[in-house]
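This report refers to the structure that appears directly beneath it.
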Amino acid sequence: MGLDVDWAVRWLTLSAEAMAEHRVELIELDRPIGDSDHGENMDRGFKAVMDKLAEAPPETAGAALKLTAMTLMSKVGGAAGPLYGTAFLRAATALGDAADIDAATLAAALQAARDGIVARGKAESGDKTMVDAWTPAVDASAAAAGEGDVRKVLAAAADAAEAGAVSTDPMLARKGRASYLGERSIGHRDPGAVSSALILRAAVGAAE
Amino acid sequence: MGLDVDWAVRWLTLSAEAMAEHRVELIELDRPIGDSDHGENMDRGFKAVMDKLAEAPPETAGAALKLTAMTLMSKVGGAAGPLYGTAFLRAATALGDAADIDAATLAAALQAARDGIVARGKAESGDKTMVDAWTPAVDASAAAAGEGDVRKVLAAAADAAEAGAVSTDPMLARKGRASYLGERSIGHRDPGAVSSALILRAAVGAAE
Amino acid sequence: MKKLINDPKAVVDESVEGFGLAHADLVTVYPDPKYIVRKDAPVAGKVGLVSGGGSGHEPLHGGYVGMGMLDAAVPGAVFTSPTPDQILPATLAVNSGAGVVHIVKNYTGDVLNFETAAELAQAEGVEVRTVLVNDDVAVQDSLYTAGRRGVGGTVLVEKIAGAAAERGDSLDAVAAIGDRVNQNVRSMGVALSACTVPHAGVPSFELEDNEIEIGIGIHGEPGRHKIPMEPADGITDRLLDPVVSDLGLAPGEKVLLFVNGMGGTPLSELYIVYRRAAQRLADQGVTVARSLVGNYITSLEMQGCSITVLRLDEEMTGLWDAPVHTAALRWGV
Amino acid sequence: MKKLINDPKAVVDESVEGFGLAHADLVTVYPDPKYIVRKDAPVAGKVGLVSGGGSGHEPLHGGYVGMGMLDAAVPGAVFTSPTPDQILPATLAVNSGAGVVHIVKNYTGDVLNFETAAELAQAEGVEVRTVLVNDDVAVQDSLYTAGRRGVGGTVLVEKIAGAAAERGDSLDAVAAIGDRVNQNVRSMGVALSACTVPHAGVPSFELEDNEIEIGIGIHGEPGRHKIPMEPADGITDRLLDPVVSDLGLAPGEKVLLFVNGMGGTPLSELYIVYRRAAQRLADQGVTVARSLVGNYITSLEMQGCSITVLRLDEEMTGLWDAPVHTAALRWGV
Ligand SMILES: Nc1ncnc2c1ncn2[C@@H]1O[C@H](COP(=O)(O)OP(=O)(O)O)[C@@H](O)[C@H]1O
Ligand SMILES: Nc1ncnc2c1ncn2[C@@H]1O[C@H](COP(=O)(O)OP(=O)(O)O)[C@@H](O)[C@H]1O
Ligand SMILES: [Mg+2]
Ligand SMILES: [Mg+2]
Ligand SMILES: [Mg+2]
Ligand SMILES: [Mg+2]
């Protein structure tokens with residue numbers, strides 16, 4: 001059995017909870033190499049997503065993600081707003097109006113999301129951005145998709161994203177605000193990679 | 001034997017040394033009940049007096065005190081500048097061009113100085129100002145003057161001024177910047193009373 | 001203490017020199033004795049306006065020298081009133097024969113030094129009038145104290161008296177309008193942090209992490225009392241209410257509302273205070289006809305603000321609106 | 001953290017509301033989505049100028065809305081770029097048909113959000129040009145980074161492009177002069193203390209008692225490197241020299257020298273920095289033809305300053321001198 005609109009709403013709800021719970025942690029991560037707002041931005045954005053979902057419950061998973069995209073774009077600001085906005089918009093487009101999402105469609109949606117982030121932000125792997133969480137996640141989910149189990153696809157993505165976030169520690173930032181620090185960006189974890197891993201982990205929880 | 005111009009110059013020199021040495025202490029006293037500048041002001045003023053004395057060595061004690069008055073007025077600023085300026089000016093006038101100052105003249109000069117301060121600043125005894133050092137000093141010197149010993153006159157003045165400075169601790173300020181604090185001025189020593197005592201103590205040292 | 005200075009003893013010299021370099025079109029700076037004079041002074045037939053006081057309150061007073069405001073400013077050492085040997089030549093330099101008004105904030109040191117300078121100027125044949133500014137409601141006025149301090153109202157006195165002088169008012173008329181502004185203006189301030197006088201090197205008073213000081217003056221002197229930190233709206237009310245009641249403002253009256261930063265507070269916070277003050281005045285039926293928000297009379301890097309309210313009449317409003325061209329206040333030209 | 005605020009979440013709302021109340025003669029404030037528009041916008045036949053960015057840099061950008069400068073400002077959350085749903089209506093509101101120029105500081109967030117808004121505006125038939133400001137020499141420019149940040153030069157781009165729009169220049173011409181200013185302006189900043197973002201509640205970086213941070217941006221980001229505290233003249237040289245050499249200034253050239261405070265530094269200290277910078281430029285045969293000293297682009301209550309130098313030509317000088325009437329910059333009117 002695949003994933004449906006209820007899963008999507010649960011995913012977004014758990015994401016919102018994760019952003020609220022990790023708000024201070026994400027602010028703290030953004031302090032040494034950024035401007036101390038990532039947790040605040042994400043928490044504000046996902047709270048707004050919750051409001052929108054309550055106002056007009058979506059009929060499909062795709063519609064839920066599209067609504068998320070538009071809300072994040074208009075409420076988050078900063079670099080993360082347009083990047084996450086594009087990611088959710090591309091994923092929504094990939095899902096179309098499918099009522100039941102299978103493993104292959106899911107993996108394709110994750111890839112579309114990552115491609116959207118890269119198209120907007122032009123970061124490459126190793127630049128110490130959220131791409132370093134998304135790219136391993138997309139690769140792992142593609143590999144897992146062959147087995148046909150959406151839960152395994154999600155788990156593979158979340159595991160890889162978490163490892164990817166950790167992998168940003170030694171990187172020298174080349175994109176975003178952290179890049180101004182040059183060498184001094186080394187030794188810190190990228191906040192956007194961490195929030196990405198949290199969101200992908202929420203997708204796993206929603207499918208349990 | 002009375003006091004002469006050399007005594008006056010030594011007095012001013014020792015006063016300058018005392019202001020330099022107690023600069024920080026006077027700043028610290030001016031901090032809780034004033035604006036942290038009394039030590040700076042007095043030190044700047046007496047350094048300028050030293051320069052002036054070196055430029056044009058005075059011929060009489062009266063001339064030395066007049067030069068001091070003009071210099072303090074033009075270099076100290078704040079409340080203390082005009083007050084000490086007037087004090088030294090009145091004392092200089094009281095000394096006239098006497099080459100040898102006897103005990104009675106000395107006591108009269110001290111009284112003239114105090115009266116000058118009161119005329120300018122309109123403070124009464126107990127208002128927590130330099131007047132609370134000067135008035136007991138004047139009273140004590142007048143009493144001591146009968147014995148005819150200038151050194152005893154000076155010592156009596158300095159002793160009384162020091163006690164007078166200490167007596168300002170419990171007073172509630174009614175004049176100057178400390179008066180803005182009302183009740184909160186209680187428990188602090190008045191910086192101008194302390195600098196007055198230092199100057200009168202210097203006069204004793206100069207006569208030794 | 002971290003400051004963008006070279007030597008605590010050279011702070012005023014170098015700062016005033018830089019000011020003169022940056023505003024050479026407006027002012028001439030005399031270094032020793034130190035005073036700042038309007039470029040085209042003395043202006044023929046015009047009453048001269050001189051103000052001054054301790055440094056550390058920038059842009060006060062140098063920033064207000066120019067067309068429509070002061071003719072000269074006399075900066076003392078940090079928080080220390082200037083001396084007669086500065087005030088006198090400044091007074092002589094701006095006297096065109098029409099006389100000179102001294103605008104003096106009510107502090108013992110300023111009063112005594114300006115008093116001496118005025119006597120000396122008068123001895124040289126210059127007519128001098130003194131406008132004493134004492135608008136700080138934090139100080140209980142009393143015959144037995146040094147009286148209220150001059151704070152934020154000073155800026156408004158200088159602007160309005162300056163406009164009166166510029167339009168050609170007589171010596172007595174300029175002094176009278178200055179007094180009228182002073183009688184109709186009240187202020188009160190708060191500090192969130194103390195400031196550090198360069199030569200002292202340590203903060204002028206202590207505040208705990210969650211304490212603020214209500215009723216501070218502009219010299220880093222401690223204020224009326226310490227209270228626990230509270231939201232901006234509550235602090236605003238604590239400053240505005242005594243000002244309004246001391247002024248005896250009635251519904252229907254028009255005022256100028258001036259929210260002033262003490263030097264270390266972001267402009268955005270001053271607008272939060274302005275918002276509350278404007279709303280509260282409106283609730284009381286008072287019309288805010290003019291406003292001023294920014295760092296105009298400061299205490300070095302102190303965090304905090306003051307609120308000043310001036311009861312306006314038609315003449316004062318017109319003089320406030322009149323053109324002014326100084327380093328810190330400029331409009332109409 | 002002690003701030004004159006009510007609720008960290010309401011800081012921008014309340015501050016912008018207060019700004020609107022204080023300057024109701026100049027601007028209209030739209031609360032949600034939030035943007036600030038020149039009172040008489042759209043001005044018939046005139047190119048519209050829109051800028052924006054995170055809040056916390058006041059008076060930037062709202063303080064520059066008015067005749068001769070910006071037509072609209074779009075404030076984001078503190079240090080967070082605004083969103084397309086704010087930028088789009090601001091753009092539409094100031095379009096008179098002559099098109100709109102977006103002035104964007106080069107930060108990933110600002111660039112992406114303005115890019116989206118520009119696309120959406122274009123889809124609605126409004127021609128949009130973007131002027132990207134990236135004047136911060138502290139950042140090594142490189143194809144492999146986000147590139148130089150937009151800092152102090154932004155104020156000068158907004159003033160000069162604003163004057164070009166006001167005199168009736170075409171869309172392309174306004175964008176071109178904005179680009180020309182950007183190409184001829186460089187800046188560098190220093191922090192003596194960090195600032196505290198209201199919702200974060202702790203300082204954005206740590207500095208020891210005798211450390212300063214050279215090459216800071218305007219978002220409380222740490223800078224290029226920390227050095228021990230030193231006298232103002234030495235710090236000034238560390239900021240000015242890279243600016244001058246990156247600009248490739250030659251003797252005989254004319255510049256505008258802009259010494260900017262980061263929000264928590266007294267004006268008197270800025271003049272000490274100005275003094276040194278002006279003297280040093282003079283020693284190099286460079287003429288300081290115009291100057292600006294004050295808090296014009298800030299980082300909340302951060303202590304520190306930035307130095308900006310703009311190579312002037314005759315047209316830029318004329319546009320700089322042209323009348324401007326905004327809350328924070330006003331002359332000639
Ligand atoms: N060019 C980019 N491509 C991909 N991700 C980026 C890029 N620039 C920034 N990011 C991500 O955005 C995160 C910062 O987001 P946030 O703090 O909300 O925005 P801002 O940097 O504008 O304050 C970074 O941690 C990084 O993961
Ligand atoms: N009206 C007054 N009469 C006598 N002494 C006064 C008066 N006002 C102030 N003082 C004295 O001046 C001292 C302060 O001097 P100082 O700190 O140099 O000046 P300011 O108060 O202007 O900063 C006080 O400690 C007090 O002794
Ligand atoms: Mg950030
Ligand atoms: Mg003092
Ligand atoms: Mg003083
Ligand atoms: Mg940000």
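These numbers come from a predicted model, not from an experiment. Letters go in sequence order (proteins before strands), and every chain restarts at 1.
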Is there a donor-acceptor contact under 3.5 Å from the side chain of [X] to the main chain of [Y]?
{"X": "C/Ser55", "Y": "C/Val12", "result": "no"}
{"X": "C/Asp32", "Y": "C/Lys34", "result": "no"}
{"X": "C/His199", "Y": "C/Pro8", "result": "no"}
{"X": "C/Asn210", "Y": "C/Met229", "result": "no"}
{"X": "C/Lys254", "Y": "C/Val286", "result": "no"}

Taken in chain and number order and not counting sequence neighbours, the residues that satisfy side-chain contact (heavy atoms from CB on, under 4.5 Å) with C/Glu211 are C/Leu207, C/Glu208, C/Lys226
Which distance, rounded to the nearest 0.5 Å, do you find between the [atom1] of [X] and the [atom2] of [Y]?
{"X": "D/Leu329", "Y": "D/Trp331", "atom1": "CG", "atom2": "CH2", "result": "4.0 Å"}
{"X": "C/Ile227", "Y": "C/Ile235", "atom1": "CD1", "atom2": "CD1", "result": "6.5 Å"}
{"X": "D/Ile307", "Y": "D/Asn260", "atom1": "CD1", "atom2": "CG", "result": "10.5 Å"}

For [X], which atoms come within 4.5 Å of any heavy atom of chain C: side chain, backbone, both, or neither?
{"X": "D/His325", "answer": "neither"}
{"X": "D/Val11", "answer": "both"}
{"X": "D/Asp209", "answer": "backbone"}
{"X": "D/Leu21", "answer": "both"}

For C/Tyr296, the ring-ring contact (aromatic ring centres under 6.0 Å, His included) test, sequence neighbours excluded, returns C/Phe258
**Asked** Does C/Arg290 come within less than 4.0 Å of C/Asp321, counting only side-chain N to carboxylate O?
**Response** yes
Those residues of residues 298-305 of chain D that come under 4.5 Å of chain C on a heavy-atom basis, listed by number, are D/Leu300, D/Glu301, D/Gln303, D/Gly304, D/Cys305
Ordered numerically, the heavy-atom neighbours of chain C under 4.5 Å found in residues 269-279 of chain D are D/Glu269, D/Tyr271, D/Ile272, D/Val273, D/Tyr274, D/Arg275, D/Ala278, D/Gln279
- May I ask you to decide if the ring planes of D/His57 and D/Phe79 are parallel, tilted or perpendicular, using 30° and 60° as cut-offs? parallel
Pair D/Arg280, D/Asp233 - check side chain to side chain contact (heavy atoms under 4.5 Å, CB included), show working. CA-CA 10 Å; D/Arg280 202 166 171 85; D/Asp233 286 356; over 6 Å; no
Could you have a look at [options] and say which one has the most heavy-atom pairs with chain D under 4.5 angstrom?
{"options": "C/Ala22, C/Pro231, C/Ser291, C/Gly332", "answer": "C/Ala22"}
{"options": "C/Met1, C/Lys2, C/Arg330", "answer": "C/Lys2"}
{"options": "C/Val190, C/Ile5, C/Leu267", "answer": "C/Ile5"}

Query raised in the report: Please walk me through it: do C/Trp320 and C/Lys159 pass side chain to side chain contact (heavy atoms under 4.5 Å, CB included)?
Result: CA-CA 7 Å; C/Trp320 175 256; C/Lys159 168 67 182 83; 3.3 Å; yes
Top residue by heavy-atom pair count (under 4.5 Å) with chain C, among [options]?
{"options": "D/Cys195, D/Gly18, D/Ala10", "answer": "D/Gly18"}
{"options": "D/Gly263, D/Ser268, D/Gly264", "answer": "D/Ser268"}
{"options": "D/Glu14, D/Glu58, D/Met262", "answer": "D/Glu14"}

Worked verdict on C/Thr265 versus D/Leu4 for side chain to side chain contact (heavy atoms under 4.5 Å, CB included): CA-CA 8 Å; C/Thr265 286; D/Leu4 286 169; 4.1 Å; yes
Which bit of C/Ser15 is near chain D, if near means a heavy-atom gap under 4.5 Å: side chain, backbone, both or neither?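 Both backbone and side chain.
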